[in-house]
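If you read the sequence from its start, that first residue is 1, and numbering goes on from there.
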Amino acid sequence: MKKIILLYALSVLMFACKSTSATSTNIDSKAQIGMKGNWVIGSVSYPGSQYVKVNSFQIADSECFVGSTWKFVSNNNKGTMALTKAGCTSFSSPITWFVNKDKQFVLKVLNAGLKAKKVKEGYILMLANQTSTSFQLIDKIDVAGKMTDVVYQFQKN
């Protein structure tokens, strides 16, 4: 289940997605090991992006995630993410994550001083098209009653 928040501003719809539903915790070790290392989001794409703005991970506009750096440590399911794009609010945070057997990527963004077990909400995206140098995370949002994919394209750094 995803909560959708609609904000009307300058005739652009803004959607914020946060998944709170339970998911399988059966780990896909091969997928996780393939994600180990440093990555950059090369693009964020979705239909209607000229009219619809997506507030990714309740942090910033999805366009602010282009160029963001991510580090995934597969042996302890920890890592970091950082937004540094000019014209956007900078943001950096530790994360915890895992990939389950259903190819769901489960992410928690950790606030300063909070341990992962204290963070009760997170995000569930689908892992797709994984290679040794790239992968996609796909979020589904409801735009006017139609499910739409938001695709985050990662490249190995």
Q: Tell me, with the steps shown, if L137 and W70 meet side-chain contact (heavy atoms from CB on, under 4.5 Å).
A: CA-CA 13 Å; L137 292 180; W70 296 66; 5.8 Å; no

Q: Report the C-alpha separation of F105 and Y123 in whole Å, then their side-chain angles, then the decisive distance to 0.1 Å, and conclude whether the ring-ring contact (aromatic ring centres under 6.0 Å, His included) test is met.
A: CA-CA 8 Å; F105 175 86; Y123 305 90; over 10 Å; no

Q | Atom pair CG/CD1 of L127 and I138 - distance to nearest 0.5 Å | A | 8.5 Å

Q) Where do K53 and Y46 come nearest, in terms of heavy atoms and distance? A) CA-OH, 3.7 Å

Q. Yes or no on side-chain contact (heavy atoms from CB on, under 4.5 Å) for K140 and M126, after CA distance, side-chain angles and deciding distance?
A. CA-CA 9 Å; K140 292 207 174 282; M126 293 304 297; 5.9 Å; no

Q: Using a cut-off of 6.0 Å, state whether more than 12 heavy atoms not belonging to K78 lie near its atom NZ.
A: no

Q: Taking all non-hydrogen atoms of both residues into account, name the closest pair between M81 and F65 and its distance.
A: CE-CE2, 3.5 Å

Q) So how far is it from K85 NZ to S90 OG, rounded to the nearest 0.5 Å? A) 14.5 Å

Q) Counting distance only, does the side-chain N/O of D102 pair as donor-acceptor with the main-chain N or O of Q104 below 3.5 Å? A) no

Q: Could you please spell out the steps behind the side-chain contact (heavy atoms from CB on, under 4.5 Å) verdict for T69 and V40?
A: CA-CA 5 Å; T69 56; V40 173; 4.2 Å; yes

(Q) Check whether S43 reaches the backbone of S45 with its side chain - one donor and one acceptor, N or O, closer than 3.5 Å. (A) no

Q: Give the minimum heavy-atom separation between I95 and K71, together with the two atoms involved.
A: CD1-O, 4.3 Å

**Q.** Closest contact, heavy atoms only, G67 versus T84
**A.** O-OG1, 4.4 Å

Q: Spell out, as yes or no, whether a donor-acceptor pair under 3.5 Å connects the side chain of Q32 to the backbone of I27.
A: no

**Q.** Closest non-hydrogen atom pair between V73 and W97, with its separation
**A.** O-CZ2, 3.6 Å

Q: Might you point out which heavy atoms bring L110 and S93 nearest each other, and give the distance in Å?
A: O-OG, 2.6 Å

**Q.** ILVMFWY cluster, L83 and V66 together (side-chain gap under 4.5 Å)
**A.** yes

Q: Start with the C-alpha distance between V54 and I141, add both sets of side-chain angles, then the distance that settles side-chain contact (heavy atoms from CB on, under 4.5 Å), and finish with yes or no.
A: CA-CA 9 Å; V54 173; I141 63 169; 3.7 Å; yes

Show me, pair by pair, the donor-acceptor contacts under 3.5 angstrom made by side chains of residues 150-157, not counting sequence neighbours?
{"from": "Y152", "atom 1": "OH", "to": "S56", "atom 2": "OG", "distance (Å)": "2.6"}
{"from": "Q153", "atom 1": "OE1", "to": "Q136", "atom 2": "NE2", "distance (Å)": "2.8"}
{"from": "Q153", "atom 1": "NE2", "to": "F135", "atom 2": "O", "distance (Å)": "3.4"}
{"from": "K156", "atom 1": "NZ", "to": "K36", "atom 2": "O", "distance (Å)": "2.7"}

Q: Measure the spacing between SG of C64 and CZ of F57 and express it to the nearest 0.5 Å.
A: 13.0 Å

Q: Determine yes or no for a side-chain-to-main-chain donor-acceptor pair under 3.5 angstrom, with N26 supplying the side chain and K101 the backbone.
A: no

